[in-house]
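The structure appears below as structure tokens.
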Amino acid sequence: MKIPFEDRRINMKRRWTDIKKINEFRFHELYDLIEDCNELGKDEFFQLKGLIEKKLNALNTAQSTY
């Protein structure tokens, strides 16, 4: 997945607004892909559901440490 944002500053640190734009772009791309997943079978759906829950749990764990 190519992200159309580049940071050309010397120290290569990104601003929070750059990260916000990247996250919004990824969200909308993922949202569109999920909307287009009408042909998933039952097993594939549960596999996808498990992966999403695993990622959300990892994200919640990471955020609770801050």
Side-chain angles (χ1 to χ4, degrees):
M1 171 168 67
K2 175 102 171 80
I3 299 173
F5 303 100
E6 292 184 25
D7 192 355
R8 297 182 187 262
R9 290 176 286 188
I10 294 171
N11 60 2
M12 298 302 287
K13 291 186 179 178
R14 294 185 180 198
R15 298 174 296 232
W16 69 270
T17 53
D18 296 337
I19 295 170
K20 183 178 177 183
K21 287 178 188 175
I22 291 169
N23 288 342
E24 287 175 359
F25 176 78
R26 287 180 179 164
F27 170 80
H28 290 294
E29 185 176 39
L30 183 59
Y31 185 86
D32 292 340
L33 286 171
I34 290 173
E35 282 290 318
D36 294 338
C37 289
N38 295 330
E39 297 183 15
L40 286 178
K42 183 178 178 182
D43 294 334
E44 294 161 332
F45 174 75
F46 284 118
Q47 191 176 16
L48 179 61
K49 182 181 174 191
L51 178 64
I52 291 170
E53 288 175 354
K54 185 172 143 182
K55 295 289 185 177
L56 286 174
N57 288 336
L59 179 65
N60 289 336
T61 302
Q63 287 183 347
S64 66
T65 60
Y66 291 117

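Along the sequence shown, residues are numbered consecutively beginning with 1.
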Pick from E29, H28, K21: which one makes a side-chain contact (heavy atoms from CB on, under 4.5 Å) with F25?
-> E29
The side chain to side chain contact (heavy atoms under 4.5 Å, CB included) partners of I52 (sequence neighbours excluded) come to L48, L56
Partner set under side chain to side chain contact (heavy atoms under 4.5 Å, CB included) for N23, not counting sequence neighbours | I19, R26
Kindly give the heavy-atom pair with the smallest separation between E44 and E39, and that separation in Å.
-> OE1-O, 4.2 Å
Who passes side chain to side chain contact (heavy atoms under 4.5 Å, CB included) against Y31, sequence neighbours left out?
-> F27, E35
L51: hydrophobic cluster co-members (side-chain, 4.5 Å) = none
